[in-house]
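Numbers here simply count residues along the sequence, with the first being 1. As the structure is a prediction and not an experimental result, all values here were calculated from the model.
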Amino acid sequence: MRSGGGAMAAEAPLPPAARAPPGGAAGREAAAPGGGAARAEGTEGLFVVLGAGLTAASHPLLYVKLLIQVGHEPLPPTVGRNVLGRQVLYLPGFFTYARHIVEVDGKRGLFRGLTPRLISSTLSTITRGSVKKAFPLEDMEHVSNKDDVKTSLRKVVKETSHEMMMQCVSRLVSHPLHVISMRCMVQFVGREVKYSGVFSAIGRIFKEEGILGFFVGLVPHVLGDVIFLWCCNLLAHFINTYAVDDNFSQASVIRSYTKFVMGIAVSMLTYPFLLVGDLMAVNNCGLRAGLPPYAPAFASWIHCWRYLSAQGQLFRGSSLLFRRAPVPAACFPID
């Protein structure tokens, strides 16, 4: 009986997995011409669309932030109270500022400079994907044991170096459109129309400033990106390695949020690099927002940094809701 059963088992049809071509799913994907490539292109296209949508949705926020960064305060401060109950002067927050822009330019005015910013965001996303394909990072197993600290740290350094390369290349490629977007937005200050379109702006910048005009403010932006990546990843690594015990039941959940929390904290520390980079992009370009009394003509981004530091304004624009008026604004009476 056993032999008959063996014969029946031998004659039974093979399961689908056993009939699959060598390599399993990978083999089937390879057998289908362009299957993997089409899927990768679809994923990249989805990232581009999602990135463009997020860029468009957040544009009014960035627009108001930039106008505050350059020092444009068209509305007087209002009297309020701090947590201690004392009367203080508050500058208009995001919603009040945005309402002022709508009153001047209409609702479409909130999206001034969006087109070059969308192109910049798309170029950044595509560039990151291309660099990732050209220089793939080999997968490494997650190491959280304190006995393997050297291996774990080596992994973090390798991943951060790869991420830094992608970020620097994408920043370099997308920065010219970032400069154009910044200049289009700050035209609100002086009501100029110097930069009215992407192609005309490219021609004007090249004619007036040469090729280097497209990369003003690039250095502080890149430095800020690099410092942010290394500080965020290394801090998260050391916290996950030394502060989070593997025996803790929620260790994996805590580790998943560590990098996010570190990103928020480190972004505040690197904010001055973002501010200086944006100010340099519009400084001394013929627009009112880049000239005195808003700012002197800076010789370099270091000059800009020192100027802001002396004024106590290195974090100008970092908050969009509760904005304390600077000391000079104390000339407004408080009843």
Side-chain angles (χ1 to χ4, degrees), residues 51 54-55 58-59 61-71 94 117 120-121 123-125 127-128 131 153 156-179 181-182 185-186 215-240 243 255-283 290 295 298 300-324 326:
L54 183 61
T55 299
S58 63
H59 188 77
L61 192 69
L62 183 136
Y63 184 21
V64 171
K65 187 186 192 76
L66 179 64
L67 294 179
I68 294 174
Q69 285 179 331
V70 299
F94 166 74
R117 185 163 176 248
S120 176
S121 174
L123 285 175
S124 178
T125 303
T127 303
R128 288 181 66 91
V131 173
L153 182 59
V156 173
V157 170
K158 184 176 181 180
E159 290 179 345
T160 305
S161 299
H162 187 259
E163 193 174 354
M164 179 183 69
M165 177 183 64
M166 291 193 299
Q167 180 62 28
C168 290
V169 174
S170 66
R171 174 70 72 178
L172 180 67
V173 172
S174 62
H175 193 75
L177 274 301
H178 175 77
V179 171
S181 177
M182 296 292 105
M185 286 188 274
V186 298
F215 299 97
V216 287
L218 176 63
V219 174
H221 270 299
V222 170
L223 284 176
D225 291 341
V226 171
I227 294 173
F228 173 83
L229 283 174
W230 282 101
C231 290
C232 181
N233 290 355
L234 288 176
L235 284 173
H237 164 71
F238 288 127
I239 290 175
N240 288 337
R255 287 194 176 101
S256 65
Y257 286 100
T258 303
K259 195 171 182 178
F260 173 75
V261 175
M262 288 298 99
I264 296 176
V266 175
S267 65
M268 290 302 298
L269 296 177
T270 57
Y271 178 81
F273 290 96
L274 171 67
L275 173 62
V276 171
D278 288 346
L279 291 184
M280 289 302 298
V282 302
N283 185 249
F298 299 119
S300 67
W301 71 270
I302 297 177
H303 179 202
C304 178
W305 183 293
R306 290 175 176 172
Y307 173 82
L308 292 172
S309 179
Q311 300 289 324
Q313 296 288 311
L314 274 176
F315 291 90
R316 185 170 65 194
S318 60
S319 174
L320 295 179
L321 294 178
F322 302 102
R323 303 173 53 226
R324 289 283 298 272

Colleague: Going by the rule side chain to side chain donor-acceptor pair (under 3.5 Å), which residues pair with T125 if we only count those two or more places apart in sequence or in a different chain?
Modeller: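 Partners of T125 under the side chain to side chain donor-acceptor pair (under 3.5 Å) test: none.
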Colleague: Is there a side-chain contact between M166 and H162 (heavy atoms, below 4.5 Å)?
Modeller: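 The answer is yes, as the side chains (C-beta and beyond) meet within the 4.5 Å cut-off.
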Colleague: Could you work out, with side chain to side chain donor-acceptor pair (under 3.5 Å) as the rule, every residue matching T127, not counting sequence neighbours?
Modeller: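 Partners of T127 under the side chain to side chain donor-acceptor pair (under 3.5 Å) test: none.
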Colleague: Could you list the residues that satisfy salt bridge (Lys or Arg N to Asp or Glu O under 4.0 Å) with R128, not counting sequence neighbours?
Modeller: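 Salt bridge (Lys or Arg N to Asp or Glu O under 4.0 Å) check on R128 returns nothing, list empty.
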Colleague: Looking only at heavy atoms, what is the nearest atom pair of V186 and V70, with distance?
Modeller: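 In this case the closest contact between V186 and V70 is CG1-CG1, 4.0 Å.
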Colleague: Just list the side-chain donor-acceptor pairs under 3.5 Å for residues 257-271, sequence neighbours left out, or say none.
Modeller:
| unit_1 | atom_1 | unit_2 | atom_2 | d |
| --- | --- | --- | --- | --- |
| T258 | OG1 | N240 | OD1 | 2.9 |
| T258 | OG1 | I254 | O | 2.8 |
| K259 | NZ | N233 | OD1 | 3.2 |
| S267 | OG | G263 | O | 3.2 |
| S267 | OG | I264 | O | 2.6 |
| T270 | OG1 | V266 | O | 3.1 |
| T270 | OG1 | S267 | O | 3.4 |
| Y271 | OH | Q69 | NE2 | 3.0 |
| Y271 | OH | R316 | O | 2.7 |
| Y271 | OH | G317 | O | 3.4 |
| Y271 | OH | S318 | N | 3.3 |

Colleague: Can you tell if the side chain of V222 reaches within under 4.5 Å of the side chain of Q167, non-hydrogen atoms only?
Modeller: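 Sidechains of Q167 and V222: no contact.
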Colleague: Check whether S181 reaches the backbone of L177 with its side chain - one donor and one acceptor, N or O, closer than 3.5 Å.
Modeller: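 The answer is no, because no donor-acceptor pair under 3.5 Å joins these two groups.
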Colleague: I'd like to know if the side chain of T55 pairs up with that of S121 as donor and acceptor (distance under 3.5 Å, no hydrogens or angles considered).
Modeller: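 T55 vs S121: donor-acceptor pair found between side chains.
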Colleague: Flag the pair L275 / F315 as yes when at least one side-chain heavy-atom distance between them is below 4.5 Å, and no otherwise.
Modeller: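 The answer is no, as the side chains (C-beta and beyond) never meet within the 4.5 Å cut-off.
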Colleague: Answer yes or no: is there a side-chain heavy-atom contact under 4.5 Å between M182 and L66?
Modeller: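 Yes; the side chains approach each other to less than 4.5 Å.
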Colleague: Among residues at least two apart in sequence or on other chains, which ones pass ring-ring contact (aromatic ring centres under 6.0 Å, His included) with H59?
Modeller: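 Testing H59 for ring-ring contact (aromatic ring centres under 6.0 Å, His included), a comparison that skips the adjacent residues, returns none.
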Colleague: Less than 4.5 Å apart, any side-chain heavy atom of F94 and any of I68?
Modeller: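 They are not in side-chain contact.
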Colleague: Are the side chain of H175 and the backbone N or O of V216 linked by a donor-acceptor pair below 3.5 Å?
Modeller: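 Side chain of H175 to backbone of V216, a donor-acceptor pair under 3.5 Å: yes, one is there.
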Colleague: Within a strict 4.5 Å, meaning less than it, do heavy atoms of the S161 and V157 side chains meet?
Modeller: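 Contact flag for S161/V157 side chains = yes.
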Colleague: Does some side-chain heavy atom of F273 sit less than 4.5 Å from a side-chain heavy atom of H221?
Modeller: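 No. Closest side-chain heavy atoms not under 4.5 Å.
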Colleague: If you look at every heavy atom in N283 and G290, which pair is closest and at what distance?
Modeller: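 It is ND2-O, 3.4 Å.
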Colleague: Tabulate below the donor-acceptor pairs under 3.5 Å that side-chain atoms of residues 300-311 make, not counting sequence neighbours, or state none.
Modeller:
| unit_1 | atom_1 | unit_2 | atom_2 | d |
| --- | --- | --- | --- | --- |
| S300 | OG | I302 | N | 3.4 |
| S300 | OG | H303 | N | 3.3 |
| H303 | ND1 | A299 | N | 3.0 |

